[in-house]
Protein chains: 2
Amino acid sequence: MKNVVSLKSLAKELNISVSTVSKSLNDSEEISEQTKERVKNLAKLRGYSPNPIAVRLQKQKTMQIGVILPNIENPFFASVLKGIDELVSSSKYNIITFFSNESLEKEKECLDFFSKGNVDGILICIAEETNKKKTFDHIIDIKQKGIPLALFDRIPMQPLGFDAVQVNDYESIVSAYKYLESNKCQNIAFVSSIPTLIVGRSREEGYLSQTNNPTVIAFEDLEELKITLENTIKQGEIDGFIAADINATLLCNAVLQKQGFTPGKEVSLIGYVNAVQNDLSYPKISYIDQHPQEIGKQTAKILLLRLESKLEDIPVSDIVLNTTITIGDTSR
Amino acid sequence: MKNVVSLKSLAKELNISVSTVSKSLNDSEEISEQTKERVKNLAKLRGYSPNPIAVRLQKQKTMQIGVILPNIENPFFASVLKGIDELVSSSKYNIITFFSNESLEKEKECLDFFSKGNVDGILICIAEETNKKKTFDHIIDIKQKGIPLALFDRIPMQPLGFDAVQVNDYESIVSAYKYLESNKCQNIAFVSSIPTLIVGRSREEGYLSQTNNPTVIAFEDLEELKITLENTIKQGEIDGFIAADINATLLCNAVLQKQGFTPGKEVSLIGYVNAVQNDLSYPKISYIDQHPQEIGKQTAKILLLRLESKLEDIPVSDIVLNTTITIGDTSR
DNA sequence: CTGAAAGCGCTTACAG
DNA sequence: CTGAAAGCGCTTACAG
């Protein structure tokens, strides 16, 4: 199945010992230049490459990083993964990706698999269910096993003692609110399909901090959300919408248009979108850019750092990245 | 770093040999029920789990499948990956995912890494550059190394002798054309941002087969595509658009709307979209559903099958899946 | 400068 | 039914 050329076969062909071959290939000081040359030449000629599994067993390192994503079909996570990949693929590690599909049970299974000696480090965004039930024991357990782990995006309120990378959700919404306000919006509503998610709550709090007369339209069920949205919009009192997630954003934009409103004229909308596709669409929705690739890169960076450093005592980092607002057609 | 409990430690504690412990845990017939019990109990008590790296070295199998995707930010590939994951995660393999970012060079590197004993099988959709340059030697090489490989989505014209899963692109467009035609479209144009991609060509041919008076608007550069599209639409002669890919679809829809057309009224549009997001948008674009998850599942299924079967002689399969047309608001 | 030996943690013929 | 030995393909003290 694999290469038949091994250290042993090279050694036999050169009539020297396996140890000498190994050391030569690893450029050991102990070996004469001449021997190294001979060995390296033959190795190249025979197309030798070390059996990675054997190396891992010997070195007691898997050279793999486990990644757990809630849902790959969410473009936010796809972009985060791209960011992770960019950093990791330029290191000597590679990535095993699992999807929890927002399920706590599945998340546990993944973590369990990882912790059984399958990876050297873990990158995880917790599942919605985990977030809701606030069950974090399976994550905390990982610390006991001495496997470095870094969290991103959905970071539990109570600190778990892991490296974490998130975005300033609260402030992002405050900025969005202020932007709308400074552009003649008098009555701004908040729309969300993620009312229980950590990030959703922070965003809602950001909104609530800005108004004494809040209108919050929040349902996990998209059908319910849609109906409530339709009724609210029909009333015609709201002239500004801040949407907390991509689904709420698309839905809000759709209902507005369907009712004959032109987002950007009588009414404004700022939300969260998939930047690539939004760019090609009309109207371009004004949106909060979380720079998901950057989130991925930063998280991977921390983990790689921790994997390199022997010292356990580098302090736990809690990185908060800034978002930016990109103004499109749906606000002015 | 990992579990300190090993076969050796269990053996010592039980005062029996490592081989007996190993066999007990693997439910060998050779061992007495009583000993098995003792061993299993202690193993559970101590939380033993076999070192996967050691098992792999012994078994000469990595238990990993390498996946190469052109671009994870394309929702089509994200869904394919989800399909792959669904099948593979229920097997005893797991997935290492690499992204070629549409680059031939990067694709070669990934394949090279995989072929050096890092995976047991490979799933790949070739990069755009690979497709363009028609350079397939690096893929054919994999066959020599005896590593099963399956292609999906972008399948080279000349058969390479690998399992392949694709979609009936030609016929899909023919159906779309016929649908528009039967709904009073007189002058149907074809819009594409993937003129050189295999799938793009098949789709174009499908279109060309249906008309003597074709209007093909095809540019890889989205800006160019947009400008040409604007001019064509301004002329007002086209009353039906078939778009060959997600970018062309979104762009076409956007330009139509921006020029005051209502897709679904004076003019129709059928294209390719991200189903999840399209569902929440307005207008819902009528689209050809490729069932990307199914593509992923089928491809993974074939590979797993080939990995299980010892016999090299199961015939190469070339699976062509059917698409379906989902009618939304932009056609009737 | 080179090589024999032990070991990483397992499995599996083979003996007893 | 149990265990000693060899081996998967490497690396690395340790001797010479």
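Below, chains carry the letters A, B, ... as their sequence lines are ordered, and counting in each starts from 1.
- Looking at heavy-atom distances under 4.0 Å, B/T35 makes contact with sugar-phosphate atoms alone, never a base.
- Looking at heavy-atom distances under 4.0 Å, B/I53 makes no contact with the nucleic acid at all.
- For D/dA13, there is no paired nucleotide, since no Watson-Crick or G-U wobble pair has both relevant distances below 3.5 Å.
- Rounded to whole Å, the distance from CD on A/Q60 to C1' on D/dG9 is 14 Å.
- Between B/K8 and C/dC8, a side-chain N or O to OP1/OP2 separation shorter than 4.0 Å is present.
- Of the possible donor and acceptor atoms, one in the side chain of B/N118 sits under 3.5 Å from a partner among the backbone N and O of B/F113.
- Per the geometry, NZ belonging to B/K12 stands 16 Å off P belonging to D/dG3, to the nearest Å.
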Evaluation steps, salt bridge (Lys or Arg N to Asp or Glu O under 4.0 Å), between B/E105 and B/K133: CA-CA 12 Å; B/E105 206 44 54; B/K133 296 192 176 160; over 6 Å; no
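- Going from atom CG of B/L10 over to atom C1' of D/dT2 covers 17 Å, rounded to whole Å.
- Atom NZ of A/K36 and atom C1' of C/dT2 are 14 Å apart (whole Å).
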Restricting to nitrogen or oxygen on both sides, can you table the protein-nucleotides 11-14 of chain C pairs closer than 3.5 Å?
| from | atom 1 | to | atom 2 | distance (Å) |
| --- | --- | --- | --- | --- |
| C/dT11 | OP1 | B/N26 | ND2 | 3.3 |
| C/dT11 | OP2 | B/S22 | OG | 2.5 |
| C/dT11 | O4' | B/Q58 | NE2 | 3.2 |
| C/dA13 | N6 | B/K23 | NZ | 3.0 |

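- Between the side chains of A/D318 and A/Q166, at least one donor-acceptor pair of N or O atoms lies under 3.5 Å.
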Side-chain atoms of residues 73-83 of chain B: list all donor-acceptor pairs with protein atoms under 3.5 Å, sequence neighbours left out, distances to 0.1 Å.
| from | atom 1 | to | atom 2 | distance (Å) |
| --- | --- | --- | --- | --- |
| B/E73 | OE1 | A/Q293 | NE2 | 3.4 |
| B/E73 | OE2 | A/S79 | OG | 2.6 |
| B/E73 | OE2 | A/Q293 | NE2 | 3.3 |
| B/N74 | OD1 | B/F76 | N | 2.8 |
| B/S79 | OG | A/E73 | OE2 | 2.6 |
| B/S79 | OG | B/P75 | O | 3.3 |

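- Inspection of the A/S19 and A/S22 side chains reveals no N or O donor paired with an N or O acceptor under 3.5 Å.
- In the region residues 37-44 of chain A, proximity to DNA chain C at under 4.0 angstrom, judged on heavy atoms, holds for none of the residues.
- For the pair A/K143 and A/F162, the cation-pi criterion (under 6.0 Å, within 45° of the ring axis) is fulfilled.
- Shortest non-hydrogen contact noted between A/V165 and A/I155 is O-CD1, 3.9 Å.
- The shortest distance between the side-chain N/O atoms of A/T20 and the OP1/OP2 oxygens of C/dG3 is below 4.0 Å.
- The phosphate of C/dC1 (OP1 or OP2) has no side-chain N or O of A/Q34 nearer than 4.0 angstrom.
- Atom CG in A/N15 sits roughly 13 Å away from atom P in C/dT2 (whole-Å rounding).
- Within 6.0 Å of CD on B/Q158 lie more than 12 heavy atoms contributed by other residues, nucleotides or ligands.
- On the P atoms, D/dC10 is 25 Å away from C/dC1, given to the nearest whole Å.
- Looking at B/S103 and B/S100, their side chains never bring a donor and an acceptor atom within 3.5 Å of each other.
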